[in-house]
Structure formats: structure tokens, C-alpha cells
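These notes concern the structure reproduced below.
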Amino acid sequence: MDRNSITMAGSAGTTGSTGTTGIAADRGGASGWIVAPEPFTTADATALRRAYYAEVAGRYWKRSVTEAEIDQGMLDDPADGLEPPTGQFVVGRYDGRPLACGGIRLLDPATAELTRVYVDKGARGTGGGAALLAVLEEEARVLGAERMRLDTRTDLVEARALYARHGYREIPAYNSGPYAQHWFEKRLV
């Protein structure tokens with residue numbers, strides 16, 4: 001299937017800031033979600049990555065995180081590899097507002113890893129997670145991946161449910177990340 005012709009629920013492809021054609025994700029009619037590749041260094045992508053880190057760190061520590069902690073977390077977990085030819089980063093916009101993001105990186109030529117999947121709390125339940133997964137899975141296929149893997153934590157219940165709903169199955173540990181408690185995989189081809 002040609003990457004530039006992929007649509008969901010009749011949406012047209014869009015052009016992202018990278019100049020590549022993105023995949024318009026429209027769930028349940030006119031949902032308003034557009035998900036497209038975008039450099040992780042843009043202001044919108046950076047703000048979303050900071051919000052992602054604030055949420056996952058805050059949930060882990062069971063408290064609000066400070067701006068300094070977010071800054072340090074961003075330094076400790078750089079977004080390297082999230083650009084072609086080794087990966088991709090996408091931003092999801094809901095009714096034009098940047099409210100979701102996610103990335104993939106190749107672990108090997110046939111395996112992509114899903115990372116930094118985030119939907120703003122106010123936009124949850126609108127199809128943003130499904131839209132992100134659809135686009136990120138297609139971006140992984142474009143890079144040659146045959147399967148997608150990810151790790152997550154026990155307390156990220158919503159994320160685990162999202163992955164299960166979209167065909168990801170739990171697998172044995174494939175890494176030893178300090179926060180990895182559950183590992184998932186989905187065949188892409």
C-alpha cells in the first residue's frame with residue numbers, strides 16, 4: 001500500500017512540517033485528529049514530550065514534578081533515533097491543537113520500538129491513541145519493520161489497555177529498562 005494514499009475513515013493525507021505526507025487519522029467520522037511526522041525538536045513536539053515526562057514521572061513518584069525534574073528527565077532520556085532512517089516522531093492535532101505525540105525507533109532491521117506515546121488528559125477518549133498507533137505502525141512499516149515492540153509500567157493501565165485493544169500481546173522481557181514491567185509486541189506484516 002502506498003504510504004501517501006493511506007487514510008482512515010475517509011480522511012485525506014496531510015503534509016507535516018517535515019515535508020513528508022502524513023496520515024490523517026479520523027476516527028468515528030469527523031473526529032478532528034490529524035497525526036503527521038514532525039521533528040521532535042519543534043516547539044509543539046517539545047511541549048508534548050515535556051507533558052509526557054511530567055505525567056509518567058508524576059505517576060511513578062506519586063506527586064507533581066518540578067520543571068527542573070522535567071528538564072533533567074529530558075536530558076536523561078534524549079529523543080535520539082526518532083527520525084529517519086532509524087525512527088520517526090509524530091504529533092497528533094485535535095481540531096488543530098497539538099495534543100498527542102509518539103515515536104518509533106528501530107531496534108533492528110525488522111523490529112521497531114514504540115515510545116513516548118502520549119495523549120493530553122483533556123483529549124483522551126476521542127480516538128487520539130488509536131490514531132497515533134495507526135500512524136506509528138505505518139511509519140514502522142515504511143522503515144521496514146515487521147513487528148512493533150514496547151515496554152510499559154504496571155501503573156500505566158490506560159496504555160496497557162490501549163495496546164491490548166489494538167492487537168498487541170504481552171511477551172517475555174526483551175530489555176531490562178529500569179521502568180519496564182510489561183512488554184508487548186504486534187506483528188505489522
Side-chain angles (χ1 to χ4, degrees), residues 3 6 8 11 13-27 31-60 65 67 69-71 73-84 86-106 112-143 145 148-153 156 158-163 165-166 168 177 179 184 186:
R3 177 176 179 225
I6 295 174
M8 295 173 61
S11 298
T14 61
T15 302
S17 61
T18 61
T20 62
T21 299
I23 301 164
D26 183 0
R27 290 282 187 202
S31 74
W33 279 105
I34 303 292
V35 176
E38 185 167 323
F40 56 83
T41 55
T42 68
D44 289 344
T46 299
L48 287 163
R49 288 188 306 117
R50 290 181 68 81
Y52 160 84
Y53 187 81
E55 181 167 347
V56 297
R59 287 175 74 164
Y60 183 77
V65 296
E67 290 297 315
E69 288 169 328
I70 294 170
D71 292 342
M74 298 280 284
L75 290 173
D76 292 344
D77 190 23
D80 59 338
L82 299 181
E83 57 190 359
T86 59
Q88 187 63 272
F89 192 80
V90 302
V91 168
R93 288 180 168 77
Y94 185 65
D95 292 336
R97 296 173 297 145
L99 295 172
C101 68
I104 55 165
R105 71 167 50 94
L106 290 176
E113 182 176 48
L114 190 63
T115 185
R116 294 177 185 78
V117 174
Y118 173 76
V119 178
D120 181 90
K121 285 181 183 180
R124 292 180 189 164
T126 63
L132 283 173
L133 289 180
V135 173
L136 289 165
E137 289 168 4
E138 182 55 30
E139 292 293 338
R141 287 183 196 95
V142 168
L143 294 174
M148 183 87 81
R149 288 186 171 170
L150 65 98
D151 65 60
T152 191
R153 297 191 327 238
L156 300 177
E158 307 90 338
R160 291 184 11 243
L162 173 72
Y163 303 134
R165 275 194 315 274
H166 291 277
Y168 288 79
Y179 306 108
F184 288 83
K186 180 179 179 178

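Owing to the predicted nature of the structure, the values given are computational and were not obtained by experimental measurement. Because only heavy atoms are used, hydrogens play no part in the values below, and waters and symmetry mates are left out as well, while side chains stay in.
Partners of Arg141 under the salt bridge (Lys or Arg N to Asp or Glu O under 4.0 Å) rule, at least two apart in sequence or in another chain, are Glu138. Scored by the side-chain contact (heavy atoms from CB on, under 4.5 Å) test, Ala140 finds Ile104, Ala112, Ala145, Met148, Leu188 as partners (sequence neighbours excluded). Listed by chain and number, the residues in a side-chain hydrogen bond (donor to acceptor under 3.5 Å, both in side chains) with Glu158 are Arg59 (sequence neighbours excluded). With sequence neighbours excluded, the residues satisfying ring pair (Phe, Tyr, Trp, His ring centres under 6.0 Å) with Tyr168 are Tyr163. Residues that satisfy the side-chain hydrogen bond (donor to acceptor under 3.5 Å, both in side chains) test with Tyr52, not counting sequence neighbours, are absent from this structure. For the side-chain hydrogen bond (donor to acceptor under 3.5 Å, both in side chains) test, no residue two or more places apart in sequence or in another chain qualifies with Asp80.
Rounded to the nearest 0.5 angstrom, Tyr53 OH and Ile70 CD1 are separated by 8.5 Å. Here CZ of Arg124 is found 7.0 Å from CG of Asp120. Values are rounded to the nearest 0.5 Å. The CG atom of Leu106 lies 10.5 Å from the CG atom of Leu82; values are rounded to the nearest 0.5 Å. The CZ atom of Arg49 sits 13.5 Å away from the OH atom of Tyr118 when rounded to the nearest 0.5 Å.
Across every non-hydrogen atom of Val35 and Ala131, the tightest pair is CG2-CB, 3.9 Å. Scanning both residues, Glu69 and Val65, for their nearest heavy atoms gives OE1-CA, 3.3 Å.
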With side-chain contact (heavy atoms from CB on, under 4.5 Å) as the criterion, how do Val142 and Gln88 come out once you've worked through the C-alpha distance, each side chain's angles and the decisive distance to 0.1 Å? CA-CA 10 Å; Val142 168; Gln88 187 63 272; over 6 Å; no
Are Leu133 and Leu114 close enough, and set up right, to give a side-chain contact (heavy atoms from CB on, under 4.5 Å), and what steps lead you there? CA-CA 9 Å; Leu133 289 180; Leu114 190 63; 3.5 Å; yes
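A tilted orientation is assigned to the rings of Trp33 and Tyr94, their planes being inclined by 30° to 60°.
Thr46 has its side chain out of reach of Phe40: every pair of non-hydrogen atoms, C-beta onward, lies at least 4.5 Å apart. Using a 4.5 Å heavy-atom cutoff, the side chains of Pro39 and Glu83 are not in contact. Between Pro37 and Phe89 there is no side-chain heavy-atom pair separated by less than 4.5 Å. With contacts defined as side-chain heavy-atom distances shorter than 4.5 Å, the pair Asp151/Thr115 does not qualify.
In this structure a side-chain-to-backbone donor-acceptor pair under 3.5 Å is present from Arg153 to Val56.
With Val119 as the partner, the side chain to side chain contact (heavy atoms under 4.5 Å, CB included) test is satisfied by one option alone out of Leu48, Thr126, Leu162, Leu132: Leu132. Checking Lys186, Arg149, Arg105 one by one against Glu113, the salt bridge (Lys or Arg N to Asp or Glu O under 4.0 Å) holds for a single residue, Arg105.
We find that Arg93 and Asp44 are joined by a salt bridge, their nearest charged nitrogen and carboxylate oxygen being less than 4.0 Å apart.
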